[in-house]
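Values below: every heavy atom of this structure, side chains too, minus hydrogens, waters and symmetry copies.
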Amino acid sequence: MFTGIVEELGTVAEVVDQGDAIRLTVQAETVLEGTGLGDSISVNGCCLTVSELGDGRWTADLMQETLDKTSLRGVVPGDRVNLERAVTVDKRLGGHIVQGHVDGVGEVLSRTPSEHWDVVEISLPGDLDRYLVDKGSITVDGVSLTVVEAFEDSFTVSLIPETLARTTLGSRRVGDLVNLEADVIAKHVEKLLGAYVPTQES
């Protein structure tokens, strides 16, 4: 589990194509502190398992499912990525509960800069709109953000200077793809209520 508070911007060092999988190696510093083999690190919002460690780098194996459902299928050496270690029980929950399980890939539709922040509109794939509400939570490329406005097929967020400076969202442009994870609490509530709310057929 994660909080959506990015600890570090890492750099993709190597991508090894294995046909139906890739081996991704990332150069980092902060997230390697106290990290061992088998630990989890969020990369642009996708929970990955550390399979190799050494020399300021760590490696993870990405299966076809991950490549099909996240924007990590397009990473190349030199790309910057948002990194966060799995949360521990003594850590402050500064963002919201994030699983690192990507629900879909959105596209940056517009970016409106102001003097101190940027307003960004991002498309919503599938039927994720039902999990978003104004002032609710959404994870974008592993960053916990507050929804400004939720629409049927898109939503907007305001990016403060800290977010612009410390995450990849500062350099995302119109047309770029981003990983999205909806609030898991909303998904659980939907499933629980489904057993009690009558449908049109009943």
Side-chain angles (χ1 to χ4, degrees), residues 1-8 10 24 31 35 38-50 60-73 75 81-109 120-160 162-163 166-169 172 176-197 199:
M1 189 179 79
F2 306 92
T3 69
I5 304 300
V6 173
E7 295 184 282
E8 177 182 11
L24 175 68
V31 298
T35 296
D39 287 349
S40 297
I41 296 177
S42 169
V43 179
N44 284 355
C46 182
C47 178
L48 300 180
T49 301
V50 176
D61 295 295
L62 282 67
M63 301 295 99
Q64 190 65 53
E65 174 78 1
T66 304
L67 300 178
D68 288 342
K69 295 191 175 179
T70 76
S71 65
L72 293 181
R73 61 182 175 271
V75 295
V81 288
N82 296 322
L83 302 177
E84 180 191 356
R85 289 168 291 188
V87 69
T88 58
V89 293
D90 61 344
K91 184 176 179 181
R92 293 179 178 176
L93 185 60
H96 69 283
I97 297 173
V98 177
Q99 294 184 296
H101 302 159
V102 175
D103 291 310
V105 176
E107 179 183 342
V108 177
L109 299 177
V120 178
E121 183 176 6
I122 299 170
S123 69
L124 274 172
D127 52 2
L128 290 182
D129 65 288
R130 68 185 189 272
Y131 300 124
L132 269 66
V133 295
D134 294 358
K135 307 305 180 286
S137 297
I138 182 74
T139 307
V140 180
D141 267 357
V143 183
S144 173
L145 297 173
T146 299
V147 175
V148 176
E149 289 187 278
F151 306 111
E152 184 176 345
D153 55 5
S154 69
F155 66 97
T156 59
V157 290
S158 290
L159 306 181
I160 62 174
E162 178 75 1
T163 305
R166 293 178 57 87
T167 77
T168 60
L169 299 183
R172 289 285 184 248
D176 285 352
L177 301 179
V178 291
N179 292 320
L180 304 176
E181 180 185 335
D183 191 340
V184 66
I185 296 176
K187 290 185 278 188
H188 279 299
V189 169
E190 176 188 58
K191 183 170 183 179
L192 289 169
L193 288 178
Y196 300 100
V197 177
T199 63

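Between the side chain of E7 and the main chain of R85, a donor-acceptor pair closer than 3.5 Å is present. Looking at T66, its side chain never comes within 3.5 Å of a backbone N or O of L62 through a donor-acceptor pair. A donor-acceptor pair under 3.5 Å is formed between the side chain of D141 and the backbone N or O of N179. Side-chain atoms of E84 come within 3.5 Å of backbone atoms of G4 as a donor-acceptor pair (strictly under, hydrogens ignored). Side chain of S123 to main chain of E107: a donor-acceptor pair is present (N/O by atom type, distance under 3.5 Å, no hydrogens or angles). Listed for the D103 side chain is a donor-acceptor partner under 3.5 Å among the backbone atoms of A182. Panel note: side chain E181, backbone Q99; a donor-acceptor pair is recorded below 3.5 Å.
Qualifying side-chain contact (heavy atoms from CB on, under 4.5 Å) partners for V189, counting only residues two or more places apart in sequence or in other chains: I185, L193. By the side-chain hydrogen bond (donor to acceptor under 3.5 Å, both in side chains) test, E162 pairs with R166, sequence neighbours left out.
Remark: I122 CD1 to L169 CG distance equals 7.0 Å, nearest 0.5 Å. The structure places OG1 of T70 at 9.5 Å from CD of E65, a figure rounded to the nearest 0.5 Å. Note that CG of L192 and NZ of K187 are 13.5 Å apart. Values are rounded to the nearest 0.5 Å. Within the model, atoms CG of D176 and OG1 of T168 stand 9.0 Å from one another, a figure rounded to the nearest 0.5 Å. Going from atom CD of Q64 over to atom CZ of R73 covers 10.0 Å, rounded to the nearest 0.5 Å.
The 12-atom threshold is not exceeded at NZ of K69, counting heavy atoms of other residues, nucleotides or ligands nearer than 6.0 Å. In the displayed structure, I97 atom CD1 is contacted under 6.0 Å by at most 12 heavy atoms of other residues, nucleotides or ligands. When the shell of 6.0 Å around NZ of K191 is examined, it contains 12 or fewer heavy atoms from other residues, nucleotides or ligands.
In this structure, T156 and E121 have side chains that are in contact, with non-hydrogen atoms separated by less than 4.5 Å. The closest side-chain heavy-atom distance from V178 to R172 is below 4.5 Å. A 4.5 Å side-chain heavy-atom check between H96 and T139 finds at least one atom pair inside the cut-off. A heavy-atom distance below 4.5 Å is found between the side chains of F155 and L180.
The one candidate from L128, V143, L132, T146 that meets the side-chain contact (heavy atoms from CB on, under 4.5 Å) condition with I138 is L132.
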Under 3.5 Å donor-acceptor pairs involving side-chain atoms of residues 41-49, not counting sequence neighbours:
| residue | atom | partner | partner atom | Å |
| --- | --- | --- | --- | --- |
| S42 | OG | G45 | N | 3.3 |
| N44 | OD1 | N82 | N | 2.8 |

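The shortest heavy-atom contact between T3 and S144 is O-CB, 3.5 Å.
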